[in-house]
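The structure appears below as structure tokens.
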There are 2 protein chains.
Amino acid sequence: MTKNTQGGETSLAETADDALDVFKALSNPVRLQILQWLREPRKNFPVERGIADPDEVGVCVSHITEKTELAQSTVSSFMSVLERADLVIATRVGKWTHYRRNEERIRQLVEMLGRTL
Amino acid sequence: MTKNTQGGETSLAETADDALDVFKALSNPVRLQILQWLREPRKNFPVERGIADPDEVGVCVSHITEKTELAQSTVSSFMSVLERADLVIATRVGKWTHYRRNEERIRQLVEMLGRTL
DNA sequence: GAGTAAAATCGTAATATCACGATAAAACGG
DNA sequence: CCGTTTTATCGTGATATTACGATTTTACTC
């Protein structure tokens with residue numbers, strides 16, 4: 001994990017450096033696509049693989065890997081890029097690492113862009 | 001020029017592909033910085049170089065080059081990346097190519113991100 | 001037309017990102 | 001503890017981006 005301990009509260013100030021990380025993370029078509037898919041986990045990942053509720057905890061890496069048709073290692077590193085940019089939150093449930101969107105952070109981000117961009 | 005003939009009207013639909021170009025354009029610290037500088041041309045580029053009004057037509061490449069401390073050729077290509085992403089508008093006045101922010105497009109973009117991101 | 005100044009284009013080396021397979025680490029089941 | 005499954009990490013080629021100097025194009029001036 002990177003900054004926050006996956007918990008609820010989020011830090012206030014968004015620096016310009018944060019923005020750069022976000023833009024870098026989003027400047028790849030597959031990563032952008034994955035973030036879109038995660039908007040509706042149940043719709044875009046119909047087959048159940050992990051045990052947990054996708055709306056709760058997100059979608060596991062193996063499932064995302066299948067959909068992207070990229071290698072597992074590639075998707076794994078893509079997901080950590082998205083995580084480092086705080087765009088997604090990782091939760092490990094058993095063997096599965098589930099990723100879900102960090103909706104609060106994304107909202108903050110859009111709001112920040114509205115001010116600073 | 002790329003799409004619109006530098007005129008006033010803007011196309012409606014923003015595709016996801018456009019978004020990718022924008023993110024790519026903004027995923028470089030210097031390009032991001034330049035876009036910020038262009039928010040206040042008179043403040044950030046006090047010395048007059050071109051003839052035209054900076055608030056009207058923008059800031060010329062040589063002036064931006066000085067401030068970035070990069071080579072002229074680098075800045076020139078950076079500016080065309082920003083232009084291809086429709087984030088800035090180029091206007092040639094004599095020998096000088098002036099760049100200014102495409103505020104309308106940037107607003108649209110932020111609004112689009114609020115919906116789709 | 002010759003000379004000059006600003007910007008764009010071209011060729012290039014250095015660096016970063018992408019995408020992979022192989023391997024290691026984590027977590028479980030028997 | 002051993003085997004299996006899932007994910008993470010590592011090493012490596014392929015491709016893309018960065019940044020430069022040299023050259024070309026554009027536009028002005030004499």
Side-chain angles (χ1 to χ4, degrees), chain A residues 1-2 6 20-35 38 45 47-52 54 57-85 88-100, chain B residues 1-2 6 20-35 38 45 47-52 54 57-85 88-100:
Chain A
M1 316 296 160
T2 353
Q6 78 102 2
L20 187 64
D21 276 349
V22 170
F23 289 135
K24 278 185 176 174
L26 297 178
S27 68
N28 172 288
V30 178
R31 284 194 296 262
L32 204 53
Q33 174 71 85
I34 292 172
L35 206 64
L38 290 180
F45 303 90
V47 182
E48 286 304 315
R49 173 130 1 197
I51 303 106
V57 89
V59 181
C60 66
V61 175
S62 59
H63 217 158
I64 300 172
T65 299
E66 244 178 49
K67 190 134 180 162
T68 56
E69 302 194 291
L70 288 176
Q72 179 269 323
S73 59
T74 305
V75 173
S76 177
S77 78
F78 275 12
M79 295 317 294
S80 40
V81 170
L82 289 172
E83 197 193 5
R84 267 194 301 276
V88 298
I89 298 168
T91 317
R92 185 133 201 180
V93 180
K95 325 184 218 183
W96 295 274
T97 304
H98 299 258
Y99 286 96
R100 69 181 189 280
Chain B
M1 315 299 157
T2 354
Q6 79 99 6
L20 187 64
D21 276 348
V22 170
F23 290 135
K24 278 185 175 174
L26 297 178
S27 67
N28 173 288
V30 178
R31 284 194 298 262
L32 204 52
Q33 175 70 85
I34 291 172
L35 206 64
L38 291 179
F45 303 91
V47 182
E48 287 303 314
R49 174 127 1 194
I51 303 107
V57 88
V59 181
C60 66
V61 175
S62 58
H63 217 159
I64 301 172
T65 299
E66 243 178 51
K67 190 133 182 163
T68 57
E69 302 195 291
L70 290 175
Q72 178 269 324
S73 59
T74 304
V75 174
S76 176
S77 77
F78 274 12
M79 295 317 293
S80 40
V81 169
L82 288 172
E83 197 193 5
R84 267 195 302 276
V88 299
I89 297 168
T91 316
R92 185 132 199 179
V93 180
K95 327 184 216 182
W96 295 274
T97 305
H98 298 257
Y99 287 96
R100 69 181 189 279

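As a basis for the values below, the full set of heavy atoms in this structure was taken, side chains included, without hydrogen atoms, waters or symmetry mates. Every chain is numbered from 1 and lettered A, B, ... according to where its sequence line falls, protein lines coming before strand lines.
Across the protein-nucleic acid pair, B:I64 atom CD1 and C:dA6 atom C1' stand 13 Å apart, rounded to whole Å. D:dT17 atom P lies 14 Å from atom CG of B:L26, rounded to whole Å. One can place CD of A:E66 at 15 Å from P of D:dT5, the figure rounded to the nearest angstrom. Regarding A:K24, its NZ atom lies at a distance of 15 Å from the C1' atom of C:dC18, rounded to whole Å. One can place CD of A:Q33 at 17 Å from C1' of C:dC18, the figure rounded to the nearest angstrom. Residue A:K95 contributes atom NZ, which lies 9 Å from atom P of C:dC28 at whole-angstrom precision. D:dA8 atom P lies 12 Å from atom CG of A:L82, rounded to whole Å.
Put simply, the side chain of A:H98 reaches to within 4.5 Å of the side chain of A:V93, judged on heavy atoms. Looking at A:F45 and A:L38, their side chains come closer than 4.5 Å, going by heavy atoms from C-beta outward. B:M79 is not listed as a side-chain neighbour of B:T97, based on a closest heavy-atom distance of 4.5 Å or more.
Within the 3.5 Å criterion, the main-chain N or O of B:K24 finds a donor-acceptor partner in the side chain of B:R31. For A:T68 (side chain) and A:I64 (main-chain N/O), a donor-acceptor pair under 3.5 Å exists by modelled atom type. For the pair A:T65 (side chain) and A:V61 (backbone), a donor-acceptor distance under 3.5 Å is present.
For A:S27 and B:T97, each mapped to the nucleotide of DNA chain C holding its nearest heavy atom, the one lying further toward the 5' end belongs to B:T97.
Side-chain N/O atoms of B:N28 include one lying less than 4.0 angstrom from OP1 or OP2 on D:dT18.
Within residues 69-81 of chain A, the residues approached by DNA chain D to less than 4.0 Å at the level of any non-hydrogen atom are A:Q72, A:S73, A:S76, in residue-number order.
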